[in-house]
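A quick write-up on the structure given underneath.
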Amino acid sequence: MKNILILCTGNSCRSQLAEGYLRHFAGENAQIYSAGIETHGVNPRAIAVMAEIGLDISRHTSNHVDEYSGIQFDYLITVCDNANEACPYFPGQVKRFHYNFPDPAKARGTEEEIMQEFRKVRDMIRAYSFDFVETQLKA
């Protein structure tokens, strides 16, 4: 079983969405963790947009990257430029991946416009997560 860490700035939106999708797509093939350089709590809108598609991330927690210093990771995925630049060193043969997804928490407008941005980012992360599992875990 592979250990995968998804890293973001606050571990509130993008990394939480990715954790939900990677758990779903990888199943028993991987242990999925997510963390932030900081912790901001899980964003309620992230929980809501995942619930819309039948994935429950309501029990996820917002964790700091230091909490996982004792785990040997096979893969590290940074989902924002800030986390990529501030990422701590992980020993071993960690394969690093990076994709700078837009931050839906920065969306402005009506509630519906904000939720549309969350859905757009959710769907981008879904495609990335599916491709990651297909190319890295099932290859």
Side-chain angles (χ1 to χ4, degrees):
M1 182 178 309
K2 302 292 186 182
N3 286 325
I4 302 171
L5 176 62
I6 306 124
L7 190 63
C8 196
T9 299
N11 194 216
S12 66
C13 294
R14 294 166 284 185
S15 53
Q16 296 291 341
L17 298 172
E19 178 183 353
Y21 276 126
L22 286 171
R23 285 179 187 267
H24 176 72
F25 293 134
E28 299 295 318
N29 295 320
Q31 182 68 39
I32 312 299
Y33 303 84
S34 70
I37 303 301
E38 307 162 5
T39 56
H40 297 166
V42 182
N43 188 300
R45 291 180 177 124
I47 294 169
V49 295
M50 292 299 272
E52 288 177 354
I53 58 161
L55 291 179
D56 182 7
I57 64 167
S58 65
R59 290 187 173 86
H60 284 196
T61 57
S62 184
N63 301 87
H64 192 275
V65 66
D66 291 346
E67 294 176 45
Y68 301 130
S69 62
I71 298 173
Q72 187 76 20
F73 288 103
D74 299 288
Y75 300 99
L76 170 67
I77 304 169
T78 51
V79 292
C80 69
D81 285 343
N82 183 51
N84 189 45
E85 293 163 10
C87 183
Y89 170 75
F90 286 93
Q93 299 295 318
V94 180
K95 293 182 184 175
R96 290 181 64 139
F97 295 84
H98 174 67
Y99 192 98
N100 186 40
F101 292 100
D103 185 356
K106 292 183 178 177
R108 299 291 176 254
T110 66
E111 183 61 23
E112 183 54 31
E113 291 168 334
I114 294 168
M115 289 301 287
Q116 280 303 109
E117 182 65 16
F118 269 82
R119 290 179 188 110
K120 180 181 102 180
V121 174
R122 174 199 66 196
D123 295 346
M124 291 171 69
I125 292 174
R126 180 200 184 282
Y128 180 90
S129 299
F130 181 82
D131 288 344
F132 180 87
V133 169
E134 291 297 310
T135 60
Q136 298 301 316
L137 298 181
K138 294 184 177 177

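For the pair H60 and V42, the tightest heavy-atom approach, listed with the atom from each and the gap, is O-CG2, 3.5 Å. When all heavy atoms of Y33 and F73 are compared, the closest pair comes out as CD1-CE2, 3.4 Å. Minimum heavy-atom separation, I114 to G109: CD1-O, 3.6 Å. Nearest heavy-atom pair, F118 versus C13, reported as atom, atom and distance to 0.1 Å: CE2-SG, 3.7 Å. Here the closest heavy-atom approach between residue M115 and residue A48 is recorded as CE-CB, 4.0 Å.
Put simply, CG on L17 and CD1 on I57 are 5.5 Å apart, with the number rounded to the nearest 0.5 Å. Here S15 contributes atom OG and H40 contributes atom NE2; the two are 10.5 Å apart, rounded to the nearest 0.5 Å. Put simply, CG on L7 and CG on N63 are 11.5 Å apart, with the number rounded to the nearest 0.5 Å. Rounding to the nearest 0.5 Å gives a distance of 9.5 Å between OH of Y99 and OH of Y128. To the nearest 0.5 Å, the span separating CD1 on I37 from SG on C80 amounts to 7.5 Å. Rounded to the nearest 0.5 angstrom, S129 OG and I32 CD1 are separated by 9.0 Å.
The closest donor-acceptor contact from the side chain of R14 to the backbone of F101 lies under 3.5 Å. A side-chain donor-acceptor contact under 3.5 Å links E67 to the backbone of H64. At least one donor-acceptor pair under 3.5 Å links the side chain of Y75 to the backbone N or O of Q136. Using a distance-only test at 3.5 Å, with no hydrogens or angles considered, a donor-acceptor pair links the side chain of N100 to the main chain of D81. At distances below 3.5 Å, at least one donor-acceptor pair connects side-chain atoms of D74 with backbone N or O atoms of N3. Side chain of S58 to backbone of I47: no donor-acceptor contact under 3.5 angstrom is found.
No side-chain heavy atom of K95 sits less than 4.5 Å from a side-chain heavy atom of K2. Proximity of T61 to T39: side-chain heavy atoms (C-beta onward) are nowhere separated by under 4.5 Å. A heavy-atom distance below 4.5 Å is found between the side chains of F25 and R126. Between I77 and L22, some side-chain heavy-atom pair lies under the 4.5 Å cut-off. M50 has its side chain out of reach of Q16: every pair of non-hydrogen atoms, C-beta onward, lies at least 4.5 Å apart. With a 4.5 Å cut-off on side-chain heavy atoms, I125 and V79 do not count as touching. Side-chain atoms of V65 and L5, non-hydrogen and from C-beta on, do get closer than 4.5 Å to each other. For the pair I53 and R122, the minimum side-chain heavy-atom distance is below 4.5 Å.
Between the side chains of S34 and N11, at least one donor N or O sits under 3.5 Å from an acceptor N or O. In this model, no donor atom of one side chain and acceptor atom of the other lie less than 3.5 Å apart for T135 and D131. Side-chain contact, T78 with H98: a donor N or O sits under 3.5 Å from an acceptor N or O.
Residue F97 places its CZ atom among more than 12 non-hydrogen atoms of other residues, nucleotides or ligands, all under 6.0 Å distant. The environment of E112 atom CD is dense: over 12 non-hydrogen atoms of other residues, nucleotides or ligands sit within 6.0 angstrom.
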